[in-house]
Protein chains: 2
Amino acid sequence: IIKTVDITKVYGMGDIQVAALNGVNIDIHQGEFVAIMGASGSGKSTFMNILGCLDAPTSGDYILESIPVARMTKNEKAKIRSQKIGFVFQGFNLLSRTSALENVELPMMYQGLPGHVRHERALEALRAVGLEKRYDHKPNELSGGQQQRVAIARALATHPSMILADEPTGNLDSKTSIEIMAIFQRLNDQGITIVLVTHENDIAQYAKRNVVFRDGRIIKDMMVTTR
Amino acid sequence: IIKTVDITKVYGMGDIQVAALNGVNIDIHQGEFVAIMGASGSGKSTFMNILGCLDAPTSGDYILESIPVARMTKNEKAKIRSQKIGFVFQGFNLLSRTSALENVELPMMYQGLPGHVRHERALEALRAVGLEKRYDHKPNELSGGQQQRVAIARALATHPSMILADEPTGNLDSKTSIEIMAIFQRLNDQGITIVLVTHENDIAQYAKRNVVFRDGRIIKDMMVTTR
Ligand SMILES: Nc1ncnc2c1ncn2[C@@H]1O[C@H](COP(=O)(O)OP(=O)(O)OP(=O)(O)O)[C@@H](O)[C@H]1O
Ligand SMILES: Nc1ncnc2c1ncn2[C@@H]1O[C@H](COP(=O)(O)OP(=O)(O)OP(=O)(O)O)[C@@H](O)[C@H]1O
Ligand SMILES: [Mg+2]
Ligand SMILES: [Mg+2]
């Protein structure tokens with residue numbers, strides 16, 4: 001489902017260049033559960049943004065479901081993002097002026113789902129992450145871990161075929177993290193592809209495959225043996 | 001240095017009330033190193049905001065260095081915050097339009113330190129967290145863990161006598177987390193009081209005392225034995 005060939009990403013800052021990705025090659029098939037780890041600044045989020053069609057590489061190819069993403073129009077990319085991909089951002093990216101419920105409903109509006117269906121699915125997603133009692137709170141009326149869970153619920157509500165989650169448990173206590181990982185595992189058992197970035201070994205153990213980034217490239221890519 | 005007596009915090013949302021803190025009593029002495037843990041939504045950040053004089057309790061008393069904070073003027077609170085307390089926010093709270101260096105320098109401006117001193121201390125703090133090469137990056141040109149480290153550097157640069165850190169390693173890989181905890185430990189050895197919120201047991205083990213929150217109150221408060 002995902003194939004990247006020699007992906008690079010270079011940011012230009014004046015006459016200084018920052019190479020965030022230095023040639024990333026990976027194949028991920030439908031139904032896989034991949035955990036990505038690596039030092040702070042090693043390129044994980046940059047790579048996730050490319051996988052999620054939110055950013056384009058400087059060079060190299062990204063082929064998603066057999067289609068080269070570089071050849072997609074803006075509209076085709078937006079369509080794939082709203083229908084096929086659920087993205088949990090490292091910084092949550094919630095809209096500050098709307099409630100948790102409205103934040104979770106938002107991506108479904110691009111799918112053209114009717115109001116009562118969006119409402120029902122959003123409540124179901126908030127219930128799954130333990131937040132139905134906070135559905136009417138705005139992000140600044142929620143704790144850090146609650147905001148993170150709203151971001152997770154938002155990625156689940158569209159029933160995507162692939163979930164890209166960037167540090168989804170970074171602000172959660174162990175018990176809540178275990179509940180969230182159980183959700184991801186259940187979705188993966190149903191055939192949904194999951195790629196998640198984490199810096200915790202305990203979380204990476206839930207995945208079936210572990211990939212390690214360093215200085216913008218993959219230095220390790222192996223199956224998880226104990227599971 | 002810190003004494004709280006029956007602190008409560010209630011948020012009113014229409015005719016519904018959310019009790020974030022339900023009677024928190026704690027004494028913390030100068031030079032202590034306290035780790036606060038507890039489930040998502042249990043009141044940790046709300047409590048930290050009160051300790052940092054950023055928010056007031058609904059009832060109860062907060063006595064900081066023998067002075068009841070409720071009787072301080074706005075200016076006296078701002079003075080204490082800029083001179084005595086270094087705060088690392090769970091959401092970083094960096095200014096998006098200025099560089100890492102300027103973000104770190106900002107609290108020192110309230111201390112009236114001259115420009116070259118602020119500049120030197122800010123670079124020193126960024127060096128301590130491994131980010132001197134990124135001093136001119138704005139927050140959106142930094143990775144999640146780099147933003148977190150800028151927030152930490154900002155709290156250190158004013159040379160405070162107390163550091164309040166809300167999940168300072170939530171976005172950091174293990175190696176970087178260990179480096180950050182070494183900094184906190186070194187500062188604590190110099191006599192600086194540290195209160196840090198974490199949801200990771202490994203991180204809590206660096207502290208000398210562990211406090212656990214549940215449903216807005218402290219349910220456990222004990223010394224760390226293995227150290
Ligand atoms: N402005 C607000 N209005 C209403 N409720 C609020 C507001 N701010 C926080 N809360 C609620 O207060 C409770 C405690 O929040 P707090 O941020 O202190 O939790 P926390 O322990 O830091 O959680 P986390 O580990 O997720 O960061 C939460 O249930 C939250 O929904
Ligand atoms: N817009 C930008 N301009 C310049 N440099 C950037 C920009 N965005 C990211 N970078 C740099 O690219 C590198 C990789 O960033 P990325 O966010 O992918 O790291 P990461 O592996 O997700 O780190 P973390 O674990 O801290 O979240 C970092 O060194 C960062 O400073
Ligand atoms: Mg990242
Ligand atoms: Mg919090």
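Values in this document were obtained by computation on a predicted structure and should not be read as measured data.
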With respect to chain A, which residue among T46(B), L142(B), V18(B), N201(B) yields the maximal number of heavy-atom pairs within a distance under 4.5 Å? V18(B)

Applying a strict 4.5 Å limit to non-hydrogen atoms, the region of Q148(A) in contact with chain B is neither

Taking the six-membered ring of Y11(A), is the NZ or CZ of K9(A) close enough (under 6.0 Å from the centre) and on axis enough (within 45°)? yes

Below 4.5 Å, heavy-atom pairs only: which of T198(B), L172(B), T176(B) has the largest tally toward chain A? L172(B)

Taking S99(B) for its side chain and E102(B) for its backbone only, find out whether a donor-acceptor pair lies under 3.5 Å. yes

With a 4.0 Å cut-off, would you call K208(B) and E32(B) a salt bridge? no

Under 4.5 Å, counting heavy-atom pairs only, tell me which of A39(B), G91(B), G43(B), S174(B) racks up the most with chain A. A39(B)

Using a cut-off of under 4.5 Å on heavy-atom pairs, state which of K175(A), K44(A), M37(A), E167(A) scores highest against chain B. E167(A)

Honestly, the part of S177(A) sitting under 4.5 Å from a heavy atom of chain B is neither

Counting only non-hydrogen atoms closer than 4.5 Å, does S45(A) touch chain B with its backbone (N, CA, C, O), its side chain (CB onward), both, or neither? neither

Determine yes or no for a side-chain-to-main-chain donor-acceptor pair under 3.5 angstrom, with N25(A) supplying the side chain and D6(A) the backbone. yes

Counting N and O atoms only, with roles assigned by atom type, does the side chain of D55(B) sit under 3.5 Å from a partner on the main chain of N49(B), one being a donor and the other an acceptor? no

Honestly, the part of S143(A) sitting under 4.5 Å from a heavy atom of chain B is side chain

Before we go on, tell me: are the rings of F213(A) and F47(A) under 6.0 Å apart, centre to centre? yes

Please confirm whether the backbone N or O of E105(A) pairs with a side-chain atom of R154(A), one donor and one acceptor, at under 3.5 Å? no

Check whether E141(A) gets within reach of chain B through its side chain, its backbone, both or neither, counting any heavy atom under 4.5 Å. side chain

